[in-house]
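The model shown is predicted, which means the values in this text are computed figures rather than measured ones.
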Amino acid sequence: MEPGPRAPLGEESARRAHYAEWMTNPPSEAPARVGSGLRIGVLALQGDFREHLRAVEAAGAAGVGIRRPAELQGLDGLIVPGGESTAIDKLARAFDLAEPLRSRIKDGLPVYGSCAGMILLADEIADPATDLAGEPQQTFGGLDITVRRNAFGRQRESFETDLDFKGLDFSATDAGVAPVHAVFIRGPWVERVGPGVEVLAQVEPADPAHASHAATLPGTARIVAVRSGHLLATSFHPEVTGEKRVHELFIRMIRGEA
């Protein structure tokens with residue numbers, strides 16, 4: 001996808017002032033930083049959007065909190081954070097963001113969704129929540145997957161584990177590619193992937209970190225990271241562990257380098 005139009009210098013200064021409340025630290029000007037020169041939005045309606053802003057800014061990109069349709073203009077990529085997928089869905093519709101987001105995703109805007117963000121990028125939810133009128137929650141869609149909400153259990157069943165994660169060859173050392181340390185907090189998993197979806201990581205049922213789940217899912221690995229074209233999604237939260245490679249993979253996808 002071609003990057004969005006850049007704002008003139010005066011408008012860029014005004015933009016930075018407008019987003020001052022959302023900027024967790026100044027955007028990097030160092031050209032060697034992987035995200036330098038990019039504007040990456042983070043949907044800032046609910047959830048851990050501040051942590052994602054810090055992650056993209058640590059990579060050298062300008063992080064932008066998104067709450068209004070007009071703020072989608074000129075973005076190089078967007079992150080849908082973890083949080084409550086039902087709350088983000090309702091707020092996106094209340095702020096008239098849902099349809100513009102669907103449109104931008106269809107038009108090729110690179111998007112990364114973590115945890116609740118994975119649910120919101122899915123074309124199908126196996127167990128959607130319903131509102132008082134009995135209407136199922138909605139998603140932005142784009143990923144040809146079926147997800148199950150809160151699949152690994154409740155808050156008290158949160159766990160951490162190391163994952164073999166495809167696509168991180170840029171981080172290889174003489175010892176190979178280090179595993180991704182993943183934190184699962186009421187996370188979803190993927191129950192179905194379409195033909196154009198690549199599986200990047202799975203949780204194995206024998207992993208002692210979540211043996212209680214393995215007892216009910218014998219011999220079944222659970223998909224927790226996927227990619228399809230310009231879309232990336234994980235069940236876990238790299239933004240809370242200091243694991244920067246998932247965000248770097250997303251940035252490399254934006255640049256056409258991955």
Sub-3.5 Å donor-acceptor pair from the side chain of Arg104 to the main-chain atoms of Leu72, do we have one?
yes
Check the pair Gln137, Ile125 against side-chain contact (heavy atoms from CB on, under 4.5 Å), reporting the backbone distance first and the verdict last.
CA-CA 9 Å; Gln137 71 182 100; Ile125 304 175; 3.6 Å; yes
Using every non-hydrogen atom in the two residues, find where Cys115 and Gly187 come nearest and quote the distance to one decimal.
SG-CA, 3.9 Å
Would you mind reporting whether Asp76 and Ile251 have side-chain heavy atoms less than 4.5 Å apart?
no
Closest approach of Pro110 to Phe250 (non-hydrogen atoms, all atoms of both residues):
O-CZ, 3.5 Å
Would you indicate whether the side-chain heavy atoms of Leu232 and Leu200 approach each other to under 4.5 Å?
yes
Minimum heavy-atom distance Leu91-Leu45, with the two atoms named
CD1-O, 3.5 Å
Would a distance-only check, ignoring hydrogens and angles, find a side-chain to backbone donor-acceptor pair under 3.5 Å from Glu71 to Arg68?
yes
Decide whether Ile185 and Trp189 are clustered together by the hydrophobic rule: side chain heavy atoms of Ile, Leu, Val, Met, Phe, Trp, Tyr closer than 4.5 Å, transitively.
no
Pair Phe49, Ile66 - check side-chain contact (heavy atoms from CB on, under 4.5 Å), show working.
CA-CA 10 Å; Phe49 57 88; Ile66 303 298; over 6 Å; no
Scanning both residues in full, the closest heavy-atom pair of Ile145 with Ala122 reads CG1-CB, 3.7 Å
Check for me, please, whether Val199 and Leu231 land in the same ILVMFWY cluster - side-chain distances under 4.5 Å, paths through other members count.
yes
Hey, what do you get for CD (Glu124) to CZ (Arg148), rounding to the nearest 0.5 Å?
10.0 Å
To the nearest 0.5 angstrom, please state how far the CG atom of Leu143 sits from the CG atom of Leu120.
11.0 Å
Asp48 side chain to Glu51 backbone, donor-acceptor under 3.5 Å
no
Once you round to the nearest 0.5 Å, how far does NE2 of His237 lie from OG of Ser114?
6.0 Å
Heavy-atom distance under 4.5 Å between the side chains of Val111 and Ile79, does that happen here?
no
Quick one: does Asp123's side chain get under 4.5 Å of Thr139's, heavy atoms only?
no
Val42 to Leu78 - nearest heavy-atom pair and separation:
N-CD1, 4.1 Å
Would a 4.5 Å heavy-atom cut-off, applied to side chains only, mark Asp96 and Pro100 as touching?
no
To the nearest 0.5 Å, what is the distance between CD (Gln46) and NZ (Lys90)?
11.5 Å
Report yes or no: do Val224 and Val240 belong to one cluster of Ile/Leu/Val/Met/Phe/Trp/Tyr joined by side chain heavy-atom distances under 4.5 Å?
no
What distance do Arg149 atom CZ and Met118 atom CE have between them, rounded to the nearest 0.5 Å?
14.5 Å
Taking a hydrophobic cluster as the set of Ile, Leu, Val, Met, Phe, Trp and Tyr residues connected by side-chain heavy atoms closer than 4.5 Å, whether directly or through intermediates, do Phe95 and Val64 fall within one such cluster?
yes
Check: Ser235 and Phe184 side chains under 4.5 Å, non-hydrogen atoms:
yes
Residues in side-chain hydrogen bond (donor to acceptor under 3.5 Å, both in side chains) contact with Arg102, at least two apart in sequence or another chain:
Glu99, Gln138
Does any non-hydrogen side-chain atom of Met253 lie less than 4.5 Å from one of His230?
no
Test Glu248 against Arg245 for salt bridge (Lys or Arg N to Asp or Glu O under 4.0 Å), laying out the working first.
CA-CA 5 Å; Glu248 182 171 347; Arg245 289 175 296 167; over 6 Å; no
Does Val193 share a hydrophobic cluster with Phe140, counting links as ILVMFWY side-chain heavy atoms below 4.5 Å and allowing steps through other members?
yes
Compare every heavy atom of Ala126 with every heavy atom of Glu191, then report the nearest pair and how far apart it is.
OE1-CB, 4.0 Å
Is it true that the NZ or CZ of Arg252 lies under 6.0 Å from the centre of Phe170's six-membered ring and within 45 degrees of the ring axis?
yes
Can you tell me if Asp164 has over 12 outside heavy atoms packed within less than 6.0 Å of its CG?
no
Return the CZ to CG distance between Arg186 and Asn150, rounded to the nearest 0.5 Å.
4.5 Å
Going by ring pair (Phe, Tyr, Trp, His ring centres under 6.0 Å), name the residues that satisfy it together with His247, two or more places apart in sequence or in a different chain.
His52, Tyr112
Begin with the C-alpha distance, continue with both residues' side-chain angles, and end with the deciding distance and a verdict on salt bridge (Lys or Arg N to Asp or Glu O under 4.0 Å) for Arg227 and Glu198.
CA-CA 5 Å; Arg227 175 187 177 180; Glu198 179 184 9; 5.3 Å; no
Evaluate the side-chain proximity of Leu163 to Pro179: yes if any heavy-atom separation is below 4.5 Å, no if none is.
no
